[in-house]
Amino acid sequence: MGRFIVRRVIQMVLVMFAVSVLTFLIFNVIPNSDPAVRMSGRQASESTIEAIREEWGFNDSLPQQYITTMEKVITGDLKSQFTQLSVGKEIVKGLPRTFSLAIGAALLWMFVAICFGLYSAVKAGKFADRFLTIIALIGISMPVFWIGALANYYLGFKLGWFPNGGYVEFTEDPIDWFYHLILPWTVLAILFIGFYSRVLRSNVLDTINEDYVRTARAKGLGERQIMIRHVLRNSMIPIVTLWGLDFGAVLGGGAILTETVFDLQGVGQYTAEAIGQLDVPPVLAVTMFSAFFIVLLNAVVDILYAYLDPRIRLQ
Amino acid sequence: MSVEATEPRADDGAPGDAAPLVEVEHLKVFFGIKQGILVEREVARVHAVNDVTFSVDEGETLGLVGESGCGKTTLSRAIMRLIDSTEGSLRFRGEDVTKAGRRQMQPLRREMQMVFQDPFASLNPRKRVGQIIGMPLRLHGSDRQGVEPQVRELLDKVGLHPEHVNRYPHEFSGGQRQRIGVARALALEPRLIVLDEPVSALDVSVQAQIINLLDDLQDQFKLTYLFVAHDLSVVRHVSDRIAVMYLGKLMEVSPAEELYTKPIHPYTSALLAAIPIPDPRENRRRERLVVSGEPPNPINPPSGCVFHPRCPRATQVCREEEPPLVRYPNGHLAACHHPLNVSDAEIRDAARDPSSPVSAGDSLPGTTADAA
Amino acid sequence: MGKLGRRALALLLAALSMSVIAACGGDDDSGDSSGTGGGGGEAKNGGSITISQTSQPDFMDPALTYTVNGIEPLWLVYTPLLTYPRTGDAEKDSLVVPGLAEDLPTISKDGKTYELTLRKGLKYSDGSPVKASDFEHAVKRVLNLESGGSAFYLGIEGAQDYIDADKCDADIKGIEADDKTGTITINLSEPDGSFSNVLAMWFVGLVPGDTPCKNLTESPPPGVGPYKVTESVPNRQFVLEKNTNFPDLGPDIPAGHVDKITTKIVKSAQRQAQDVISGELDYMQDPPPADIKPEVKAKYSDRYKEITTASTYYMFMNNRVAPFDKKEVRDAVNIGLDKPALARLFAGEVAPGCSFLPPGQPGFDEALDVDDCPWGNPNEPPDIEKARQMIKDAGVAGADVTVYGNNDDPTDKVTEAYADQLTKLGFKAKPKILDGGVYFQTIGSAKEAPQTGFANWFQDFPHPKNFFFLVDGKSIQPTNNQNFGNVDDPEITKGIAELNQEPEMTDEVAAKWGDLNKKLVERAWIAPYGHRKLATFFSERMDFDNCARFHPVYFNDYSSFCLK
Amino acid sequence: MATEPLTEQAGLQGPAAWEQEAEREHVHGLGPWRLGLRRLRRNRVAIGFGVLFVLLVLSCLAAPLWAKHVAHTTPTENHLSDTIKLDGKTTNVVGLDGVPIGPTYQGEFFLGADPNGRDIMVRLLYGGRNSLMIGVVAALMTTILSVVLGVIAGYFRGWPDLTIRSLLDIMWSFPVLILGVALGVALALGGLQLGPITIGGDSLLIPIFIIGLVYVPYMARPVRGQVLALREKEFVEAARAQGAGPLRIMFSEVVPNLASTILVFFTLLIANAVLLESALSFLGAGVRPPNPSWGTMIDEGVDRIATAPHLTIVPGLMLVLTVLSLNVFGDGVRDALDPRAKVRLEH
Amino acid sequence: MADALLSVEDLRVSFATEEGVVEAVDGVSFDLAAGEVLAVVGESGSGKSVTAMTLMGLTRSPNARFEGTAQYKGTELIGASEDELRRVRGAEIAMIFQDPMTSLNPVQRIGKQIVEQIQEHEGLPDQQARERTVELLERVGIPRARERVDNYPHEFSGGMRQRVMIALALSCNPSVLIADEPTTALDVTIQAQILQRMRDLREETGAAVILVTHDLGVVADIADRIAVMYAGRIVEEGTLDQIFYDPQHPYTWGLLGSITRVDKPRPARLPAIAGLPPSLANRPQGCHFRPRCPHEFSECSKVPPLEAHVQGNPEHRDRCWLSVDEKLAKREVLPGEIGLASKEHAPA
């Protein structure tokens with residue numbers, strides 16, 4: 001197990017390196033325009049562009065450029081071209097909000113999806129299953145920003161059942177924090193519930209047909225025990241990986257749309273604003289940052305997974 | 001029990017009218033177990049086939065027998081040049097094909113074909129029977145029009161309706177599918193057919209049909225078979241000679257009937273003893289010797305004789321020295337320090353066979369027996 | 001992010017220079033309130049209020065900020081040598097008065113030397129004394145930090161040399177300050193009629209001489225003003241508190257009423273408006289978004305008003321590119337431009353007009369915006385048939401026209417509407433919507449050679465020079481051109497050069513600017529269509545009648561805010 | 001793939017024990033396609049939504065007809081100062097305060113107008129063309145890239161596999177939306193230079209390129225996995241034993257066996273591509289105005305949700321309906337053909 | 001039989017599948033006495049596994065239909081509720097499955113999987129259940145059982161896993177053990193080990209065994225009685241010797257004839273049953289074996305009853321219209337040695 005963890009961590013670091021290279025390539029190599037011009041944003045003078053070119057080393061060789069860029073990212077020297085604020089600081093400032101959104105939503109979607117998926121699988125082919133299937137598919141067919149905007153306006157403003165967007169620090173008022181996050185959690189979770197319950201349903205149906213479930217039944221175990229101890233646990237294993245990816249993505253600011261619609265001002269919304277301004281450094285940083293989160297979460301999940309599924313450790 | 005004597009046959013290419021069709025010399029096939037992050041490196045090797053030497057003569061059937069994981073399937077694939085061998089050489093009709101590429105193999109493919117184990121996996125479910133059987137013909141130059149009559153003829157030969165040419169594999173039962181597989185192998189009129197467990201996935205009643213079919217076809221087309229199986233009782237019905245493998249090594253090579261009546265290697269004997277006889281009385285009469293333990297991991301084969309951890313006759317020498325293949329009368333080879341069913345005289349006359357693994361020692365059973 | 005974040009930027013950043021300065025508070029069409037401080041009663045002192053902005057000020061540093069988000073609070077924190085009064089009388093408030101200087105500058109005959117004297121006994125908010133040399137330091141910071149405002153101060157002798165030296169503590173040859181006597185002498189390399197206005201800009205609001213030459217957004221330096229910044233967390237909030245060290249600068253430059261103003265950054269303008277309605281916020285810096293405005297106007301008109309600003313929205317027509325190289329074509333566009341229709345896109349936030357110079361600028365003639373408009377009354381539907389015919393006659397009907405615009409709200413809609421109008425006039429017009437971030441840079445490139453498109457300007461200070469450089473033949477550049485239409489009318493170009501030399505804005509000079517304005521409009525070099533309005537919207541607990549002072553140059557005056 | 005997967009899909013199925021016995025003697029079984037079709041036909045909901053999707057596509061294709069003969073306008077024509085008769089009353093299309101009219105449910109402005117006074121119904125249909133076009137072409141691009149990469153990686157293994165797999169793994173590490181956004185921001189200005197072809201920054205090809213690219217790992221990885229499994233199948237060995245070259249094996253043995261997976265993925269990819277397009281457009285990194293798409297329409301509409309909710313609701317519903325119909329249909333196809341295919345989505 | 005432990009009467013199982021309704025089990029009846037080993041023999045698709053699993057209620061699904069009865073010690077199994085069945089499963093009737101690689105939960109320690117069953121039925125405290133588990137593992141021949149009890153299934157070889165399965169099945173001392181092809185997936189040497197162990201254990205525990213297999217060799221090794229199934233029906237039933245030395249049904253003849261043997265000289269040609277097994281969904285009318293039977297005649301279009309034909313052997317029953325004499329005559333045609341042997345042991 002120890003060796004497995006060490007190996008996994010080394011792998012994680014390598015992937016992070018590759019991720020940073022790819023991000024660098026996206027912003028500095030793919031585009032068909034002078035990166036300095038793009039980087040300089042609005043109303044840039046020749047001298048500003050020249051200064052940026054100098055600062056980012058756009059005249060240097062690619063590896064040198066990469067090193068320059070990474071130096072900026074790592075030392076926190078990366079500044080928004082638009083506000084001159086440190087991108088790192090802004091991300092750190094947004095993290096509590098993003099984490100609040102991500103953790104609550106992830107718990108919510110996991111819990112509901114497990115209930116839905118399991119119920120759907122148990123009732124496979126029956127009305128309840130078909131109903132839940134359609135509900136789930138509607139869930140994954142709705143653009144988050146659309147349902148979010150509607151919910152925010154109608155439930156938040158018109159009916160006043162929920163706060164009209166915004167965020168309250170947990171330390172300030174935990175109840176208000178919770179109250180402000182109910183809608184965002186729900187909206188973000190809707191899509192995942194739809195998707196996860198479908199995946200879980202099919203996993204459960206696969207698992208139910210496994211020989212060892214038949215063995216469990218032949219042992220005289222109750223249906224509930226079979227479902228929980230044998231079916232659910234085994235069906236959950238592939239979902240944990242998926243969950244790691246998605247949770248990592250949301251933690252890393254992937255919930256751009258939800259954060260924006262509900263004005264949570266987390267990392268995602270920070271990115272969204274940077275996109276609107278074509279402010280390259282924040283987008284670059286968040287892209288890298290969110291991928292790092294996924295890679296990290298992936299490694300954590302793999303280690304967890306090895307714990308859950310002893311077969312993995314040997315491979 | 002009298003055996004219809006197979007002519008004593010010298011194994012190392014004694015002058016005969018025909019040269020051996022396939023010659024395998026000190027063949028090794030190792031699989032690397034790769035591990036690593038981004039860049040993979042080999043951390044261990046599976047010794048699937050570990051220094052095996054034998055040959056198959058024109059027109060004969062060599063049965064290759066062993067339990068799962070013994071390397072028999074790997075060996076058959078290596079002979080077909082479907083996997084690369086790690087060491088050793090491979091000759092087909094005298095031509096060295098050890099490292100032959102696709103181009104060099106192309107003309108030889110006509111002469112060597114294969115029938116696979118799983119009648120469901122060996123036929124492409126998305127292709128019609130005609131396309132499946134016609135493919136080797138097309139690959140070797142026949143045009144589209146020319147193929148169909150040939151396919152029909154082949155279907156007829158293997159006992160299927162020629163009208164079935166446009167059906168898909170899923171419309172056939174397992175036995176029928178295996179016939180299609182045989183038809184495909186026959187299409188180019190090969191000399192050698194490697195049969196990889198051709199009947200083990202079939203029901204008993206159908207097994208017999210396919211074995212009979214193979215028998216008929218061999219007579220009809222003067223085919224050479226390399227028949228790979230785990231089931232000694234099935235191999236017996238088709239083979240002229242039988243080679244027994246264990247953990248990547250040849251344990252015993254013997255004329256077919258002699259193997260059943262006079263197994264020399266304790267492993268062969270254990271295999272035979274383990275097979276339940278479908279005859280209650282005979283069964284009750286029989287004293288069964290059950291070998292304990294399980295085959296070890298081919299990543300780390302045991303020292304000396306690979307069978308020694310499970311062998312009831314194992315002694316110190318078995319742990320230390322790998323026995324060479326020793327030649328006994330009737331072209332019977334066995335790699336054992338403590339052979340069964342051989343007289344002292346035969347032991348005295350026994351000689352180390354050149355096909356012994358390179359790593360095998362020189363001591364012959366007689367000498368070591370005394371030592372033990 | 002949808003429009004939620006963008007729309008606020010749109011409003012505040014659409015202008016080229018991003019500084020927004022209003023004029024003429026009297027032009028108030030939202031009702032009876034003139035917004036003067038002395039309305040129906042006395043403004044109450046004390047209390048704290050919470051207000052909101054849609055986006056973080058670009059900088060919380062006087063030397064750097066160039067958006068209204070920063071200027072509106074910061075000009076109350078950093079008073080320059082000269083400044084504008086805050087009396088509520090729009091006309092009076094757009095005239096430069098002494099700020100930290102004892103008096104208006106003494107200007108030499110050649111118009112190149114300005115002499116000022118610092119008031120005695122001034123203290124910064126942290127209690128340290130104000131020195132004359134702090135002015136030079138303030139200018140140095142502007143230049144050294146390459147502030148967006150540095151261009152205004154390049155006319156000071158030795159400014160370029162200072163920049164080239166790239167050292168914060170290098171000397172600016174043209175500024176001499178005597179800390180003992182408090183005298184400050186500024187030498188210009190050329191006379192500049194607007195230099196007093198330049199000295200009244202927030203950029204050179206005085207800061208202590210040891211203020212480092214770097215962006216101090218996260219810890220703004222002390223200044224002299226009614227308020228001081230006590231907290232600044234970028235993208236979250238900043239707090240203004242009453243400056244107890246604020247000296248008495250005379251009745252026209254009063255101290256503030258409320259003790260503490262917390263400004264929250266709330267990205268959604270809709271949310272802000274809703275929160276002002278519900279009383280969670282006391283004031284929003286942006287006007288309520290178009291979506292909420294009907295409701296606000298209907299239900300809360302007693303705490304809402306609109307004021308036309310000194311800004312101009314116009315279409316540039318590149319007279320170096322066909323078909324706009326023909327005067328008849330430009331005439332036809334001016335005739336055919338449906339100004340009331342465009343005004344609807346601004347949800348009534350644009351007052352239709354023809355004049356290039358906006359109200360509040362010296363030389364502005366109101367008649368030009370109404371009856372004297374050569375292209376017909378801008379408040380009425382245009383004579384499309386006539387315009388169509390003219391284009392047909394000019395032989396350019398069916399010509400391909402690419403209409404440039406950006407994706408800020410409602411510029412995109414305006415651009416699309418304009419393209420549609422051109423199509424109705426007989427062109428084959430297609431809008432090309434660029435990102436707001438690169439728009440002006442793109443259309444300012446000679447290589448791009450844009451045919452026509454969206455442009456606008458908000459005044460930096462009440463001087464026509466600040467508008468006319470947009471149509472000055474001398475300001476044409478191959479890149480970063482701000483004269484998008486490449487207007488180079490010899491007469492106008494010459495007129496600008498002459499009038500720039502005038503050190504004082506006499507009525508006569510103003511009239512001359514007015515003539516230039518009229519010529520520019522009549523010759524159809526551009527197609528103006530109106531002036532932007534801004535709005536003030538308060539929560540219920542604010543004293544709207546007595547405390548909603550609107551400043552012609554700096555918009556809403558926080559120092560006038562008070563609770564009921 | 002060789003044996004028919006008897007699935008859990010509603011209705012008919014034997015328990016595991018039965019399947020085990022039946023597995024080996026599957027006489028005169030139905031082909032995978034026929035079986036799939038039969039299952040699909042039984043799934044009425046899926047068929048219904050499939051038909052709905054076709055109707056949606058057809059109506060979007062018929063946009064010019066509606067524009068010309070019913071609405072009498074074009075998707076770009078402004079009616080800022082126009083009026084329209086409603087129940088005998090003359091109403092402004094766009095109010096003086098900029099508020100456009102809502103649905104009239106009559107020929108002109110059937111679903112109301114936008115702040116420019118443009119006919120929403122007309123724009124909806126034209127926007128749908130763009131959204132669907134992007135969805136289909138991007139899905140096509142993803143599919144082709146994925147199959148090519150997946151087949152190369154899965155078939156050749158070794159270093160091509162290692163390279164492709166690493167690349168896919170790295171791409172997989174980015175959240176779909178953020179990767180899309182990053183590419184969108186990078187390409188917004190200069191567009192894209194692909195050899196001799198230059199694509200402008202505001203071309204529809206940019207979102208297609210982005211969307212087509214970001215989903216590649218989601219499809220290429222399963223395809224590779226399947227190719228790896230297929231390549232170990234004996235029929236592939238049989239082909240090699242007969243001397244077939246790698247190309248022939250890939251195209252004539254392997255790819256036909258991927259058909260059902262490809263079909264399932266393609267349907268679901270269109271749905272996801274349409275959804276991603278709307279998200280990117282909403283963020284300003286997708287379709288650039290003035291090209292209408294459902295995403296840009298929602299983006300424009302959200303600002304007026306209080307005064308003109310139809311601007312948000314109408315294109316949103318259209319989008320949901322389209323994506324839902326594809327998802328339900330795709331789900332049905334998957335259940336019928338390849339119950340294990342999975343597509344991950346954006347947030 | 002009154003003293004039968006388990007009595008199955010006219011069991012019918014049908015499934016609705018994609019290809020129509022399949023009668024997997026078509027009127028099967030047999031009795032199982034305490035302590036005896038009944039082998040159910042047949043090729044794939046003959047319904048032998050379904051029969052066995054149906055007794056445990058493991059084939060229940062919405063698509064399955066059941067008829068007939070199966071009484072275990074007076075308890076009806078076919079229509080029993082899940083709760084009733086649960087009390088029987090594992091405790092009274094236990095099962096060993098074919099594939100030891102997939103029949104154990106891969107993510108649970110094997111000890112836990114056994115303990116789980118013991119606790120389910122006997123409610124023993126953890127420590128006791130664990131002790132019993134270790135004992136069981138030792139009994140089935142797993143070395144170092146005390147350590148290995150905490151291993152995961154993948155840490156065991158196939159043979160060892162099958163031993164674990166046996167331990168699991170025996171853990172609650174069941175009266176009936178159903179073994180569904182317990183050795184098919186194993187190598188021949190391992191198979192021999194397992195069979196030997198099963199024989200020993202059977203003697204120790206005295207449990208009755210239903211052995212489902214296609215391998216007549218295994219049957220000859222261990223069975224007391226044999227039921228031969230073909231296409232969902234039992235075509236012949238009798239004691240070990242009756243079936244091997246006096247087979248009555250032509251299908252049994254074919255089956256015995258086509259076996260390859262290692263202990264006798266090989267025949268020139270393997271006697272094979274001609275034709276194909278019938279399609280599952282579409283079986284021939286009357287005698288299912290009719291199309292492949294070399295002795296088919298007009299009577300065969302009717303379903304033959306399962307009856308005793310051989311005099312004095314009432315427990316030897318078969319489904320064939322031929323008379324015993326006819327059979328005797330025709331059987332000579334078949335050259336299988338075992339079948340011929342019956343001549344010497346012709347009924348007295």
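If you're wondering where the values come from, they're calculated on a predicted model, not measured in any experiment.
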side-chain contact (heavy atoms from CB on, under 4.5 Å) assessment of A:Ile294 paired with D:Phe174: CA-CA 7 Å; A:Ile294 292 190; D:Phe174 291 92; 6.0 Å; no
Run A:Trp146 and D:Leu317 through side-chain contact (heavy atoms from CB on, under 4.5 Å) and show every step you take. CA-CA 9 Å; A:Trp146 182 72; D:Leu317 276 182; 3.8 Å; yes
Could you walk me through whether A:Phe145 and D:Leu283 satisfy the side-chain contact (heavy atoms from CB on, under 4.5 Å) test, starting with their C-alpha distance in whole Å, then the side-chain angles of each, then the deciding distance to 0.1 Å, before giving a yes or no? CA-CA 10 Å; A:Phe145 56 91; D:Leu283 290 169; over 6 Å; no
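Looking at heavy atoms from C-beta onward, A:Pro143 lies in side-chain contact with D:Val320 at the 4.5 angstrom threshold.
Residue with the most contacts toward chain A among D:Thr322, D:Leu319, D:Ile305, D:Ile298: D:Ile305 (heavy-atom pairs, distance under 4.5 Å). When each of D:Ala271, D:Ala306, D:Gly301, D:Pro315 is checked for heavy-atom pairs under 4.5 Å with chain A, D:Ala306 comes out on top. Between chain A and the options D:Leu179, D:Ile313, D:Leu326, D:Leu321, heavy-atom pairs under 4.5 Å are most frequent for D:Ile313. Interface summary for chain D: among A:Met142, A:Lys158, A:Arg198, A:Met288, the most heavy-atom pairs under 4.5 angstrom belong to A:Arg198. For the set A:Val21, A:Val295, A:Ile138, the count of heavy-atom pairs under 4.5 angstrom toward chain D peaks at A:Ile138.
Heavy-atom distances place the side chain of D:Val45, and not its backbone, under 4.5 Å from chain A. Contact of A:Val283 with chain D is made through the side chain alone, with heavy-atom distances under 4.5 Å. Only the side chain of A:Tyr154 comes within less than 4.5 Å of a heavy atom of chain D; its backbone N, CA, C and O stay farther away.
Minimum heavy-atom separation, D:Asn327 to A:Ser141: ND2-OG, 3.0 Å. Of all heavy-atom pairs spanning A:Ala291 and D:Pro175, the tightest one is N-CD, 4.4 Å.
Between D:Leu183 atom CG and A:Thr287 atom OG1 the span is 9.0 Å, to the nearest 0.5 Å. Separating the OG1 atom in A:Thr23 from the CD1 atom in D:Ile178 is a distance of 10.5 Å, to the nearest 0.5 Å. Here the CG atom belonging to A:Leu137 is positioned 11.0 Å from the OG atom belonging to D:Ser325, to the nearest 0.5 angstrom. Once rounded to the nearest 0.5 Å, the distance linking OG1 of A:Thr271 with CG of D:Leu177 reads 9.5 Å. Distance check: A:Ile134 CD1 to D:Phe49 CZ gives 5.0 Å after rounding to the nearest 0.5 Å. Interatomic distance, A:Asn298 CG to D:Asp169 CG, rounded to the nearest 0.5 Å: 8.5 Å.
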